[in-house]
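The sequence lines fix the lettering, A, B, ..., with proteins before strands; numbering per chain opens at 1.
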2 protein chains.
Amino acid sequence: MAAAAPPPPPSEPIDPTTLQTRKPLGHPLFSRIRLATPLDVPHIHQMAVFERLTHLFSTTESSLSATLFPNPATTPTPPPFHTFTVFILEVSPTPFPPTSHPHFTPILKTHHLDLPITDPDRDAFQTCSNDAVVAGFVLFFPNYSTFLAKPGFYIEDLFVRECYRRKGFGKMLLSAVAAQAARMGYGRVEWVVLDWNVNAIRFYEEMGAQVLQEWRVCRLTGEALQAYADK
Amino acid sequence: MAAAAPPPPPSEPIDPTTLQTRKPLGHPLFSRIRLATPLDVPHIHQMAVFERLTHLFSTTESSLSATLFPNPATTPTPPPFHTFTVFILEVSPTPFPPTSHPHFTPILKTHHLDLPITDPDRDAFQTCSNDAVVAGFVLFFPNYSTFLAKPGFYIEDLFVRECYRRKGFGKMLLSAVAAQAARMGYGRVEWVVLDWNVNAIRFYEEMGAQVLQEWRVCRLTGEALQAYADK
């Protein structure tokens, strides 16, 4: 008499325009945001090079290592979030195991994509765990507002690799920094955008940011800065 | 026969247009730039209040103390220059004694003013040493450039009290930060300026800074930031 029994309740919501059950899941992709380690430096370097497209870019893996992960025996090394900090975004076709970290519990998310992503640089960005590849990063550090008498975060770099764009990963990275700031009781998250980049500006405004129209960044660098060394 | 002896060589250079000896010294004023201590918080607070002229300003001495000079027993406290750092500018009618400090040797300078300065708030800004008063401050902290793979400094606040302005003290404070950056091998010193403040922009350009015209600061703050806390 099983045939007479009512059908089991659908596990997916029913689309009223077709009265059919939606296709479940599409192509699942699993993502994780975690604190970077010194092992991530080659990937951070590759992404930073890619972002610049200029022969003026002279950053090396070794200069990134020395400044982002200095030797604690010779250089003061505050804990993550109290100095230069990098979140790494990884994606994988299989779920990430839950892990914990004394300073930051990784953020895990499952995505359902209409089409699978073909990553032409998969081999170059593979990590040791779980078929995962690095898909992006965000580099940030504390700033301070005398107006609020509170620290905040300044985002220096936010990068998602080309084949992973327009899928919400940029928003996920920026949200991770904002959530961390809010949890720490910090007052602001700031970054800069080029004034002609209307798509980026719209994206940032949708995320709740204001664009400060009247302020201009002043920069003292190169020989002009070096000239002060002996003054 | 003293009258017949040649006159002693002038100790001041001779002005050829008058053939007279220049008036020596005018009104001497001695200045010192040193690292701030927790004892400076009331003066930093007063200057920060003065700078803002707004009822929205809610910073207190206690919130400044807690964030600029946190309790090392409960909060990681990197050494000066590796976190939020304040230089205090003091002035005095008598010379400052030479002092040293493990992280920063104070900068001493002697000024010769045409007219003495009347400081209407002298009592409020007096320090314990040497008839000195606090005349200004600069608050800065490390930033980071992925392009250079080097830290730099970001100047959040530079303030000279009204009666001490237009005498080179702002330049002295900014130069002190630039010199420290150059000595530490840092790559940049950055700050922001309002686009209509043409006097400030001219001053910064004369000091060797570029004004980046295309970049805009984005800021996520208040409730818009707090909304990310639980996401």
**Message:** Counting only non-hydrogen atoms closer than 4.5 Å, does A:E223 touch chain B with its backbone (N, CA, C, O), its side chain (CB onward), both, or neither?
**Reply:** neither
**Asked** Tell me, side chain or backbone of A:L64 under 4.5 Å from chain B's heavy atoms, or both, or neither?
**Response** both
**Request:** With a 4.5 angstrom heavy-atom cut-off, could you sort out which part of A:M184 is near chain B: side chain, backbone, both or neither?
**Result:** neither
**Prompt:** What pairs with A:E214 under side chain to side chain donor-acceptor pair (under 3.5 Å), at least two apart in sequence or on another chain?
**Reply:** B:W196
**Fill in**
For A:L220 and B:A178, the nearest pair of non-hydrogen atoms, with its separation, is CD2-CB, 3.8 Å
**Request:** Mind listing the closest non-hydrogen atom pair of B:D195 and A:Q213 along with its distance?
**Result:** OD2-O, 4.4 Å
**Prompt:** Do you know which of B:V211, B:I201, B:L225 has the most heavy-atom pairs under 4.5 Å to chain A?
**Reply:** B:L225
**Message:** Counting heavy-atom pairs closer than 4.5 Å to chain A, which one of B:I155, B:T83, B:L68 comes out on top?
**Reply:** B:L68
**Request:** Write down the atom of B:Q210, the atom of A:T221, and the distance for their closest heavy-atom approach.
**Result:** OE1-CG2, 3.6 Å
**Request:** Check whether any side-chain heavy atom of A:L194 sits under 4.5 Å from a side-chain heavy atom of B:W215, and report yes or no.
**Result:** yes
**Prompt:** Can you name the nearest heavy-atom pair linking B:K150 to A:T67, along with the distance?
**Reply:** CA-CG2, 4.3 Å
**Request:** Give the member of B:A224, B:P78, B:G187 that has the highest number of heavy-atom pairs under 4.5 Å with chain A.
**Result:** B:G187
**Message:** Quick check: closest heavy atoms across A:T146 and B:T59, and the distance to 0.1 Å?
**Reply:** O-OG1, 2.8 Å
**Message:** Is it the case that the ring center of B:Y144 lies less than 6.0 angstrom away from the ring center of A:F141?
**Reply:** no
**Complete:** Separation between OG (B:S145) and CZ (A:R219), nearest 0.5 Å, reads 7.0 Å
